[in-house]
Amino acid sequence: YPWYGNTTETVTLSGPTSKPSRLTVSMNDNFYPSVTWAVPISNSNTPMLTHITRDQSFITWLVALNADTKERIVLQTVRWRMRVDIEVDPSMPLGSRAKLMGRPHQEQPHILSNNEPIPPNALGRPNANDAQVLMWRPRRGQPLVVIPPK
């Protein structure tokens, strides 16, 4: 860590090199969220989901790591955001229960002109689920945090 894996996520270059090297960098995060149909604080499994709102932001760093000294050099910082607004009608047939209400296309990632430092918590084992919160917002009554962030 902090790398997700050790195959397509990392490249090892042996140096010093006699000429400049050019590399192509790509990333695929395979974002795959899921939600529950039923009220998460009830004993019933009756589908009652009517709306999904999600707003997540991400930061990724392209880093050069000296394998001998363990020095990290931030080469690029990339920021992006994913926002979703979906209406749900659980009484409709499968395949037509959800309707996208918000933007049909997401903002493209931004390569920042000034690199941001990597916070210490980003250097540990990744667990995106620890940062998520599950809120139940009933039509009537107060919102309830069902699963708080860790």
Nearest non-hydrogen partners of Pro148 and Val146, listed with the distance: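 Smallest interatomic distance, heavy atoms only, reads CD-O, 4.0 Å.
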For Leu49 against Pro90, the heavy-atom pair lying closest together: O-CD, 3.3 Å
Can you tell me how far the [atom1] atom of [X] sits from the [atom2] atom of [Y], to the nearest 0.5 Å?
{"X": "His110", "Y": "Arg81", "atom1": "NE2", "atom2": "CZ", "value": "10.0 Å"}
{"X": "Trp80", "Y": "Ile59", "atom1": "CH2", "atom2": "CD1", "value": "9.5 Å"}
{"X": "Arg137", "Y": "Thr50", "atom1": "CZ", "atom2": "OG1", "value": "12.0 Å"}

For His51, side-chain hydrogen bond (donor to acceptor under 3.5 Å, both in side chains) partners two or more places apart: Asp85
Ignoring hydrogens and geometry, is there a side-chain-to-backbone donor-acceptor pair from [X] to [Y] under 3.5 Å?
{"X": "Asn66", "Y": "Glu71", "answer": "no"}
{"X": "Gln106", "Y": "Arg83", "answer": "yes"}
{"X": "Trp61", "Y": "Glu116", "answer": "yes"}

Taking the side chain as everything from C-beta on, heavy atoms only, tell me whether [X] gets closer than 4.5 Å to [Y].
{"X": "Lys99", "Y": "Met101", "result": "yes"}
{"X": "Gln76", "Y": "Ile111", "result": "yes"}
{"X": "Ile118", "Y": "Val63", "result": "yes"}
{"X": "Arg54", "Y": "Met82", "result": "yes"}
{"X": "Leu62", "Y": "Val78", "result": "no"}

Joint cluster assignment, Ile52 & Leu100, ILVMFWY side-chain distance < 4.5 Å: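 Shared cluster, yes.
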Same apolar cluster: Val74 and Leu112, side chain cutoff 4.5 Å: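 In one cluster with Val74: Leu112, no.
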